[in-house]
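Accompanying notes for the structure given below.
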Amino acid sequence: MGRGKIEIKRIENANNRVVTFSKRRNGLVKKAKEITVLCDAKVALIIFASNGKMTDYCCPSMDLGAMLDQYQKLSGKKLWDAKHENLSIEIDRIKKENDSLQLELRHLKGEDIQSLNLKNLMAVEHAIEHGLDKVRDRQEEVVMSKRRNEKMMAEEHRQLIFQLQQQEMAIASNARGMMMRGDHDGQFGYRVQPIQPNLQEKIMSLVID
């Protein structure tokens, strides 16, 4: 006994509706795959469930973007506005430019140069020489900067040594003056504490620190 036909209208029961959707969706995807293989057809399928979940299928011989572009061209329907078309063109241009730069970088590394002619090889050689000149200039700049810094540090060190010597001389002169005043006061009966022998060494160590 064959299966009876059902009326094509919205299924009111939510559970039945979900089950029917799942079965028919799977059947559509299966049929799309079969017609792709059997008939060598280019097939794209996009299904959105009522909850927004998407199911899609596209034949292996063409990606969905190319399929939509072909549909737009053959049907005459505009899928993209001018803004999106310009954006797509700009993306393609940047991609081609990036591919070209990647190829040029490989050439500069000495890779994939077998296919280059003499003119292109000379251009690569010129680019490498120009790059080497830039590297040498930067290297010389770094070396000169290092030498200037070393010279400044040496001058600063010399100034510090000079200041230390001046302080040592001033301390020694003050110590001698104190000793001379002590001898003079001793003649008149004043008692002056003698300078400790290691006082100057302590003062010097403080100055040096």
Side-chain angles (χ1 to χ4, degrees), residues 1-139 142:
M1 183 175 179
R3 184 173 55 181
K5 293 184 178 180
I6 64 171
E7 185 179 0
I8 303 300
K9 66 177 185 178
R10 184 178 184 273
I11 301 174
E12 297 299 331
N13 185 280
N15 292 331
N16 293 341
R17 189 166 59 244
V18 171
V19 172
T20 301
F21 172 80
S22 178
K23 289 181 178 180
R24 299 213 171 203
R25 178 197 59 193
N26 295 338
L28 281 174
V29 174
K30 181 180 178 181
K31 290 296 183 182
K33 292 180 179 179
E34 288 176 354
I35 195 173
T36 298
V37 176
L38 294 174
C39 305
D40 194 24
K42 295 180 175 61
V43 180
L45 176 65
I46 302 175
I47 303 173
F48 292 99
S50 58
N51 60 3
K53 185 176 180 180
M54 183 186 74
T55 301
D56 65 305
Y57 166 76
C58 187
C59 61
S61 61
M62 181 179 291
D63 62 70
L64 185 58
M67 187 83 72
L68 293 175
D69 287 339
Q70 186 172 357
Y71 170 81
Q72 179 177 247
K73 184 184 298 181
L74 296 178
S75 67
K77 296 180 179 180
K78 300 289 289 184
L79 298 179
W80 333 111
D81 56 21
K83 180 179 179 180
H84 288 89
E85 287 183 354
N86 293 335
L87 180 60
S88 178
I89 293 173
E90 182 66 14
I91 291 174
D92 291 339
R93 184 191 67 79
I94 293 176
K95 184 178 179 181
K96 291 179 181 179
E97 183 177 350
N98 181 66
D99 293 340
S100 177
L101 291 174
Q102 291 291 337
L103 180 60
E104 183 179 352
L105 180 60
R106 290 198 298 271
H107 290 163
L108 292 175
K109 292 180 178 179
E111 302 173 359
D112 301 335
I113 60 174
Q114 291 79 6
S115 60
L116 296 179
N117 55 32
L118 180 60
K119 182 178 179 180
N120 292 333
L121 287 172
M122 292 178 65
V124 171
E125 181 182 12
H126 175 73
I128 293 175
E129 290 178 350
H130 181 70
L132 287 174
D133 290 339
K134 290 289 186 180
V135 171
R136 293 191 186 99
D137 292 341
R138 178 56 182 164
Q139 184 180 18
V142 171

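Numbers here simply count residues along the sequence, with the first being 1.
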Self-check item: Nearest-0.5 Å distance, CG of residue D92 to CD of residue E90
Solution: 9.5 Å
Quiz item: Of all residues at least two apart in sequence or in a different chain, which pass the side-chain hydrogen bond (donor to acceptor under 3.5 Å, both in side chains) check with R10?
Solution: E12
Quiz item: Can you pull the salt bridge (Lys or Arg N to Asp or Glu O under 4.0 Å) pairs that have at least one residue in residues 62-73, sequence neighbours excluded?
Solution: none
Exercise. Measure the spacing between CZ of R106 and CG of L101 and express it to the nearest 0.5 Å.
Key: 11.0 Å
Quiz prompt | Sequence-distant partners of D99, salt bridge (charged side-chain N to carboxylate O under 4.0 Å, His left out), two or more places apart | solution = none
Quiz item: Rounded to the nearest 0.5 Å, what separation is found between the NZ atom of K95 and the OG atom of S100?
Solution: 14.0 Å
Exercise. Mind jotting down which residue pairs meet the side chain to side chain donor-acceptor pair (under 3.5 Å) criterion with at least one end in residues 128-139? Sequence neighbours excluded, please.
Key: D133-R136, R138-E141
Quiz item: Of all residues at least two apart in sequence or in a different chain, which pass the side-chain hydrogen bond (donor to acceptor under 3.5 Å, both in side chains) check with R17?
Solution: none
Practice problem: Hey, could you give me the CE/NZ distance between M122 and K119, rounded to the nearest 0.5 Å? | Solution: 10.0 Å
Which side-chain N or O atoms in residues 19-44 pair as donor and acceptor under 3.5 Å with protein atoms at least two apart or in another chain?
unit_1 : atom_1 : unit_2 : atom_2 : d
T20    : OG1    : N16    : O      : 2.8
N26    : ND2    : S22    : O      : 3.1
T36    : OG1    : A32    : O      : 2.7
T36    : OG1    : Y57    : OH     : 3.3

Quiz item: More than 12 non-hydrogen atoms from neighbouring residues, nucleotides or ligands closer than 6.0 Å to CE on M62, yes or no?
Solution: yes
Quiz prompt | Euclidean distance, I46 CD1 relative to M54 CE, rounded to 0.5 Å | solution = 6.5 Å
Quiz item: Say you draw a straight line from CG of L45 to SG of C59; how long is it, rounded to the nearest 0.5 Å?
Solution: 11.5 Å
